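First listed ligand is number 1; within each ligand, the first listed atom is number 1. Given the structure is predicted, the values throughout are model-derived calculations rather than measurements.
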Amino acid sequence: MPCVRASDGPVAVTGASGFVGSHVVLALMKRGYTVHGCVTDLAHPAKIDHLKAFEDRTPGHLELFRANLLEDGSYDAPFAGCSAVLHVGTAMAYGGANNSRQVYEGAVEGTQRVLASLERAGSIRRLVYTSSFAAIGHPAPPGYVFSENDWASQNRTGDPDWSLDRIDVNGETAYAMAKVETEHLVNRTALADGGFDAVSVCPLVVLGPLLSPAHHLVFSWQWFLGRMLRGKPCKRAWQALWNIVDVRDVGEAQARILESELCKNGDRYQLSATDRSGELNVNQLQEQLQTLFPRIAVGGAPPEMDEYLAKYGKVYDAPRAYCDRARRELKLETHPIEDTLRETGQSLLDLGLIEPALR
Ligand SMILES: NC(=O)c1ccc[n+]([C@@H]2O[C@H](COP(=O)([O-])OP(=O)(O)OC[C@H]3O[C@@H](n4cnc5c(N)ncnc54)[C@H](OP(=O)(O)O)[C@@H]3O)[C@@H](O)[C@H]2O)c1
């Protein structure tokens, strides 16, 4: 299918107001696209004001539409006349907003509705789907290096959790199963339709500048980093590595996929660390933040770490994964890890979202 350019007409973004979605909109508007930004609530300033401000700093244009993944036909109006759709939005579990069944069913049924509106529009040539590394990572020995060839459904023989019967009790599996299912769904539908290609991105730990207070989502990676700047111990993934990708790179990669002549239906791009510098254990994360924010007493490993190390000797060497394919095929130039960490912390401070623990 031919690639897309800004001159081909508007492109639509679902979940436009979210942390990732906002950076997708910004990357597109920087390239001069007219973006149909889909949000659930047009009356919520923290969800839309930062998007409207892109009009002043980019050559692009923005039209906002109210749309909801839970409603049939909701995307018919925003997709009409578009050349591409970037499907970023989904029901997330942040702060207990959705239980694991709502996360699973919201993703699958929401994507079915997006595909139905896309096919009714009849003008869309490319769908970029925001999947997740959750659709890639599977049980593997420490040190295993994941790539786009891996699927979360692998190595599950004898794993009782990898079952639709268990989605009510295991949120992580529900999310991973939803992302595997929806990736296959968008590719199957594109193949049968023949009029558009579906390409997925699979981000790992997304950090980088928050653009709105609405991006300070309880239990998100950026929220846990902010917690460390508040002097509190790291409470997420301290037993393993934070494998980090910059949210600006996630946005830029999606804009590049639209315009790539190489991309075809079924392609997927793992968006993760550039190299070992982006794979940090909790001590390395604390050290880097401490260097970047010398006046703050940055929190580090939680008290449970001593017991963990006594038992296992070291933190789990996973997930190891690099965004080589995106760098090679999309010519994506990634942000250095120091810049990503600095911009995450600085935006939390500038937006007044955290009270730092000063030394
Ligand atoms: N952040 C990460 O580390 C990470 C890693 C891998 C993959 N991802 C993927 O990236 C995407 C965005 O996640 P995020 O971290 O940026 O979270 P986020 O800020 O919470 O964004 C989620 C978006 O989904 C939209 N949404 C939720 N329920 C909806 C509904 N019923 N109808 C329409 N839209 C709905 C929200 O729209 P409103 O704000 O308008 O309600 C919001 O814009 C997700 O697909 C997620 O799986 C994120």
Give a yes or no on whether the ring-centroid distance for Tyr308 and Trp238 is below 6.0 angstrom. yes
Does the ring centre of Phe146 sit less than 6.0 Å away from the ring centre of His138? yes
Short side-chain to backbone donor-acceptor contact, [X] and [Y], under 3.5 Å:
{"X": "Arg120", "Y": "Ala80", "answer": "no"}
{"X": "Arg227", "Y": "Cys234", "answer": "no"}
{"X": "His215", "Y": "Ser17", "answer": "yes"}
{"X": "Ser123", "Y": "Ser83", "answer": "no"}
{"X": "Ser74", "Y": "Ala67", "answer": "no"}
{"X": "Arg342", "Y": "Leu289", "answer": "no"}
{"X": "Ser132", "Y": "Ala135", "answer": "no"}

Which protein non-hydrogen atom lies closest to [atom], naming both residue and atom, and how far is it?
{"atom": "atom 31 (N) of ligand 1", "result": "Asn68 OD1, 2.9 Å"}
{"atom": "atom 19 (O) of ligand 1", "result": "Phe19 N, 2.9 Å"}
{"atom": "atom 36 (C) of ligand 1", "result": "Gly15 CA, 4.5 Å"}
{"atom": "atom 4 (C) of ligand 1", "result": "Val206 CG2, 3.6 Å"}
{"atom": "atom 16 (O) of ligand 1", "result": "Val20 N, 2.8 Å"}
{"atom": "atom 10 (O) of ligand 1", "result": "Thr130 CG2, 3.4 Å"}
{"atom": "atom 32 (N) of ligand 1", "result": "Leu69 N, 2.8 Å"}
{"atom": "atom 1 (N) of ligand 1", "result": "Tyr94 OH, 3.4 Å"}

Close-contact set for ligand 1 against [X] heavy atoms, below 4.0 Å:
{"X": "Trp221", "answer": "3 (O)"}
{"X": "Lys47", "answer": "38 (P), 39 (O), 41 (O)"}
{"X": "Leu217", "answer": "18 (P), 19 (O), 20 (O)"}
{"X": "Leu70", "answer": "31 (N)"}
{"X": "Val39", "answer": "40 (O)"}
{"X": "Gly89", "answer": "23 (C), 24 (O), 25 (C)"}
{"X": "Pro203", "answer": "5 (C), 6 (C), 7 (C)"}

Part of [X] with heavy atoms under 4.0 Å of ligand 1, whether side chain, backbone, both or neither:
{"X": "Phe133", "value": "neither"}
{"X": "Lys179", "value": "side chain"}
{"X": "Ser131", "value": "backbone"}
{"X": "Tyr75", "value": "side chain"}
{"X": "Leu204", "value": "backbone"}

Relative to each other, are the rings of Phe79 and Tyr75 parallel, tilted or perpendicular (30° and 60° limits)? tilted
Which class fits the ring pair Phe65 and His36: parallel under 30°, tilted 30 to 60°, perpendicular over 60°? tilted
Residues Asp161 and Arg156 bridged, charged N to O under 4.0 Å: no
Hey, looking at atom 27 (C) of ligand 1, which of Thr90, Thr40, Val245, Val88 has the closest heavy atom? Thr90
Assess Tyr175 for proximity to ligand 1: is some non-hydrogen atom of it under 4.0 Å away? yes
Hey, does Met92 sit under 4.0 Å from ligand 1 if you only count heavy atoms? yes
Show the nearest heavy-atom pair for residues Asn283 and Ala301, with the distance to one decimal. OD1-CB, 4.2 Å
Tell me the closest heavy-atom pair linking Leu115 and Leu127, and the distance in Å. CD2-CD2, 3.9 Å
